[in-house]
Amino acid sequence: MNTTWLLTGLIALVAAPVLGGLLAGFDRILTARMQGRVGPPLFQPFYDVFKLFEKRGVSVSHFQNFYIVCFVLFTAFATGLFFAGQDLLLVVFALTAGGVFLVLGAFSPNSPYSTIGAERELLQMLAYEPMLLIAVMGLYLVAGTAIGPTPAAPAVLDTGKATTILACPPGDTNRLSASNQAASVSSAPVPASNTVASNSTVAAGCGATPCCQEAGLPACGTPASKTRAQADRNFKVATILHNARQGGMGWRMLLNLSGIFLGFLFILTIKLRKSPFDLSTSHHGHQEVVKGLTTEFSGKTLAWIEIGHWYENILLMGFVWLFFSGLHPAVAAALVAAVYFLEILVDNASARLKWQTMVKAAWIVTLVLGVSNLLFLFYFNR
Amino acid sequence: MSFFKKSPWLLHYDASSCNGCDIEVLACLTPVYDVERFGIVNTGNPKHADILVITGSVNEPTREVILNLYNQMPHPKVVVAVGVCAATGGIFRDTYNVLGGVDTVLPVDVYVPGCAARPEAIIDGVVKALGILETKAAALKAGAAEPAAVEGSK
């Protein structure tokens, strides 16, 4: 991870709750407009959370608040990792761990309403988790591997100790020809260690600003014989973004992932806690078994759950962005906004379903759209 | 700066009301009155609520429920009695099974008159309750002890 990505991750840690709160405010206004109402101010979710921080808390079990701290930490960790361009699999599992802590927190007070909410949340996780993993695998198969022309013949540098093979990343437009590279390598002073040697050579061979450093690829400046495979085949968000952009994938990426994308939209409704799948807890006025998952939480703890949810929403919107990452950023942003609008529309146009229907529907969608798309990618798009 | 005024969450309980006032309470949420403009949310959970809105007179079975709901609400909290039955017992006050208004069980902060209370009057009452809520919040912040739970004696 280079400093740019580290900085993006840290900024995301601070900015995600702010953006998430604004998104929630926007959501509430849009929902109100769809129902023919004026709706609350844009900053209403922040007012709610600040008020909850002023409220006294009531906790039945000693552990319930501790679990919520873990939930927020893991969700924030997942969000930070995602925006730091790190491993998408780790992001998904950190997010799941956070979700499990929320469920444990809801189980701990032993209240019947809270327990029903917790059990429903587990069923929701059962419903969306396979599709989430298939989405990660799909993104990996399409953009997690080397895209575009094979790199130019690697320059060979004899440092006296070992042979270091250097390769430019596939998308580097500033790449010089093999002979030029070799020439610049030979003209460079012979450094003391392999690491320094390879760093200076990459800088010389790939132009003044190696794009691999911008993208945070681990291969930058390391012996290629060992790391080429790891560099070009991994689950990192940075790699996916880099390959999508540099590989000029455009709409092709979305087209190759069309089934997985539709399946992901389906489970996004569950993940964002929107109707018809807001079984475990809901933001709406109409209740389902009191308030489900959040029944036993009050005051500061409830505020933290809300903040954790904001992190989650921003992370999910980032995930949606990955599907559009081959496109121009403005187009991608517009499409992400369109996806959120669609979710609000579905939320307002549908009634809550039974959990049996949710699990059945989610798994059928996962099998039909997700698995078939994955098989297609695996056998025909290699 | 307190945020209670910007985000009051209501808990509405029907203690033997004829549903007249209940319909008017719910009418506040509809597009015509849209109390969400002021951040008011009708929650179904006492642990999330700031304002307890009670309609109808109190009778023996609902007394326990009212006390249970009130004691589950975290401080600071206020009680609004909506409609003449909740305020005094109304036309049912002399009935053998009716205890009277909400104040026979709980400390009531705001009384909203009317049979049925009009949505405008209900919104007015809630806004008045917000002032009291702020005072209570300020007192708690200044270090005042939390008021004790209300016991079940008549």
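Here is the naming used below: chain letters follow the sequence lines, and residue numbers restart at 1 for every chain. What you see is a predicted model; the values in this text were computed from it and never measured.
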Got more than 12 heavy atoms from elsewhere within 6.0 Å of [atom1], [X]?
X	atom1	value
A:F63	CZ	no
A:F74	CZ	no
B:W9	CH2	yes

Rounded distance [0.5 Å steps], NZ in B:K5 versus OH in A:Y47: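 Reported value, rounded in 0.5 Å steps: 14.0 Å.
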- request: Show your reasoning for whether side chain to side chain contact (heavy atoms under 4.5 Å, CB included) applies to A:K55 and B:F4.
  value: CA-CA 9 Å; A:K55 258 318 239 182; B:F4 281 97; 3.7 Å; yes
- request: Could you tell me whether B:D50 and A:K51 make a salt bridge, using a distance below 4.0 angstrom between a side-chain N and a carboxylate O?
  value: yes
field: Name of the residue among A:Q44, A:Q35, A:R28 meeting side chain to side chain donor-acceptor pair (under 3.5 Å) with B:E36
entry: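 Among the candidates, only A:R28 passes.
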Exam field: side chain [X] to backbone [Y], donor-acceptor pair closer than 3.5 Å:
X	Y	value
A:E54	B:F3	yes
B:N45	A:T295	yes
A:R37	B:R37	no
B:H48	A:T294	yes

Interchain contact, [X] with chain B, by part (heavy-atom threshold 4.5 Å):
X	value
A:V49	neither
A:L52	side chain
A:F297	backbone

field: Positions in residues 17-33 of chain B that reach chain A, provided some heavy atom is under 4.5 Å away
entry: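 Under the 4.5 Å heavy-atom cut-off, B:L29, B:T30, B:P31 qualify.
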query: Which members of residues 69-80 of chain B, sorted by number, sit under 4.5 angstrom from chain A on a heavy-atom basis?
result: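 So far as heavy atoms go, B:Q72, B:P74, B:H75, B:P76 are the residues that approach chain A to under 4.5 Å.
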statement: Scored by heavy-atom pairs under 4.5 Å with chain B, the best of A:V58, A:D48, A:L302 is A:D48
- request: Identify the two heavy atoms, one from B:D34 and one from A:V38, that lie closest to each other, and give their separation to 0.1 Å.
  value: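 Taking every non-hydrogen atom into account, OD2-N, 3.0 Å.
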